[in-house]
Amino acid sequence: MDPRHARLLRQIPSVDELLRHPALAEAVAALSRPRATEVVRRVLTARRQEILRQPPETLPPRLELAALEQELAQALAAAARPSLQRVINATGVIIHTNLGRSCLAEAALEQILRAGRHYSNLEYDLEAGRRGSRQAHLEGVLCQLTRAEAALVVNNNAAAVFLCLSALAKDREVIISRGQLVEIGGSFRMPDVMAMSGARLVEVGTTNKTYLADYERAITSQTAMLLKVHPSNFRIRGFTREVPLAELSALGRRYGLWVMEDLGSGCLVELGRFGLEPEPTVQEAVAAGADLVTVSGDKLLGGPQAGIILGRREAVQELRTHPLLRALRPDKLTLAGLEATLHLYFDETRAFREIPTLFMIARPLPELWAQARRLRRALRRRLGERLAVRLVETSARVGGGSLPEEALPSVALALTSPHQSPEELEARLRRAAPPVVARLERDQLLLDMRTLRPEDLPLLLQALEQTVAAPAAAPGTPEEARERP
Ligand SMILES: *Cc1c(COP(=O)(O)O)cnc(C)c1O
């Protein structure tokens, strides 16, 4: 080894010395000693390797201890933070699957806390004093809201589709329109799920047009089900034809086949009034006579992740006794949150006020402008010349595979910094505390008001202050210090 390498390596303090260092004491205590030791070892190993990678003539004569301590403090703080963190969604995509889809209503959170903190009657019938069913808690409210005869809740909508196909169509044929063999994202492909369930896929029609006669011609003695899948995340436009669910249900009844619709988003209220293309509601699908309708709990419904199966008594009964149900069942926290969310729908005004997903969709544009102006004023006060802020009209999206093309009018703060590129600003905001996920568009950074709730604003300001207040090119930051010859 070159003596210049060796000299610098010798100056690195020992793990024990660093763990006892007063500047790091708080961070070490917060993490517990064994985990802190691991973090310090990792940082030191990386630092040693970095020194060894550098040509000896470029090495500084002395190790910059202050920079190392700062790096350690950051690494210890990062290790103490939970991996799953609160994030500020400034993307304008309301049901953002990567950011956790729907935020829950306060009423739902309270129920979740109660169910988590205490024992509950999850599977206990308090009247009879014996074992009960976890499914009993939601069936009543689901049937009341949707007018379905029976209901069942599972882990998510993918699980719902899988359970329905496994229980009702294993080793038999399921007829589906070619235009509906969709991929939902996160590699949920209809054909793959069907194959896993043991059902055999029979495609009918063409990509753009399918008629009732196409389904009817494909029916054989092997057919178990007619399946419709809502093309959640795309639209086929122009010369198109799909068979309405009511017609498919009538055909199914005539031939004694199950009819199912995977509706995806699970909207319980009309959204047409917000200028959005009408998304089929769950109530409409149930009324159209399908034996089974499946929806997600955390898309337009605005609840926790869940798969909701609604339908006729006989069809749901087949699922209840299927062994897979045990593997796909929802946990008590989900049930608690979902029950409370569903109860809000009995008063639609309350649903729009209290369910964040609906609140964001319904929020009037003038309110968003007012929020944008307030935020701009606060930014000017706090950051002055460090940041240029303009208000621009934007299009927010519902997202989550619902209403894919539908734009919700919105407003954004367009940020430009004289010292940082938009990409740099975006990257630093993502690493702020709390992290802010924004949108880069045409060389500017946009913070969309539609996905920012009033309670997010103080934290957003805090994150911006950290981000913009520490210019990336300033000397003395640990990265810079290390790179200086
Ligand atoms: C979103 C979606 C799914 C998957 O639902 P998860 O709740 O994410 O499992 C399945 N089918 C359709 C039509 C969807 O839109």
Side-chain angles (χ1 to χ4, degrees), residues 93-104 138 142 151-166 169 174 176-197 199 201 225-236 242 245 248 259-268 271 276-282 284-286 288 290 292-311 319 324-325 327-331 333-335 337-338 341-342 357 397-406:
V93 180
I94 298 175
I95 307 168
H96 198 306
T97 295
N98 301 151
L99 302 184
R101 287 202 181 152
S102 285
C103 302
L104 299 181
L138 268 78
L142 280 169
L152 202 63
V153 178
V154 291
N155 177 60
N156 60 8
N157 190 28
V161 172
F162 185 57
L163 175 64
C164 292
L165 292 175
S166 304
V174 173
I176 182 170
S177 161
R178 281 212 168 77
Q180 297 171 2
L181 284 170
V182 301
E183 170 166 330
I184 303 297
S187 71
F188 178 78
R189 283 190 163 172
M190 210 58 219
D192 299 343
V193 173
M194 296 181 76
M196 290 292 295
S197 73
L201 199 67
M225 179 187 282
L226 308 177
L227 174 64
K228 204 170 153 70
V229 177
H230 185 57
S232 300
N233 48 8
F234 71 103
R235 291 284 182 272
I236 297 179
E242 282 294 346
L245 184 59
L248 212 56
V259 175
M260 166 170 153
E261 176 160 33
D262 172 13
L263 203 52
S265 208
C267 193
L268 288 169
L271 293 176
L276 295 168
E277 187 180 326
E279 177 88 351
T281 62
V282 183
E284 281 163 2
V286 170
L292 291 169
V293 176
T294 69
V295 300
S296 290
D298 54 356
K299 290 185 181 171
L300 279 172
L301 203 145
Q305 177 190 306
I308 301 170
I309 303 170
L310 302 152
L319 311 178
L324 249 185
L325 180 60
L328 305 176
R329 72 183 188 181
D331 87 313
L333 303 183
T334 299
L335 292 173
L338 190 56
T341 305
L342 289 168
T357 299
R397 305 243 167 247
V398 175
S402 0
L403 306 158
E405 290 178 7
E406 294 293 303

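First listed ligand is number 1; within each ligand, the first listed atom is number 1.
Of the heavy atoms in R101, only side-chain atoms (C-beta onward) come closer than 4.0 Å to ligand 1.
The distance from atom CD of Q305 to atom CG of D331, rounded to the nearest 0.5 Å, is 9.5 Å. Here the CG-OG distance, from L301 to S296, works out to 9.0 Å after rounding to the nearest 0.5 Å.
Less than 4.0 angstrom separates some heavy atom of A158 from each of these atoms of ligand 1: 5 (O), 6 (P), 9 (O).
Residue D298 has no N or O atom closer than 3.5 Å to an N or O atom of ligand 1.
Taking each of H230, K299, E261, K228 in turn, the one with a heavy atom nearest to atom 14 (C) of ligand 1 proves to be K299.
Judged purely by distance below 3.5 Å, without hydrogens or angles, the side chains of N157 and T294 pair a donor atom with an acceptor atom.
Contact record, K299 with G264: CD-O, 4.1 Å, taken as the closest heavy-atom pair.
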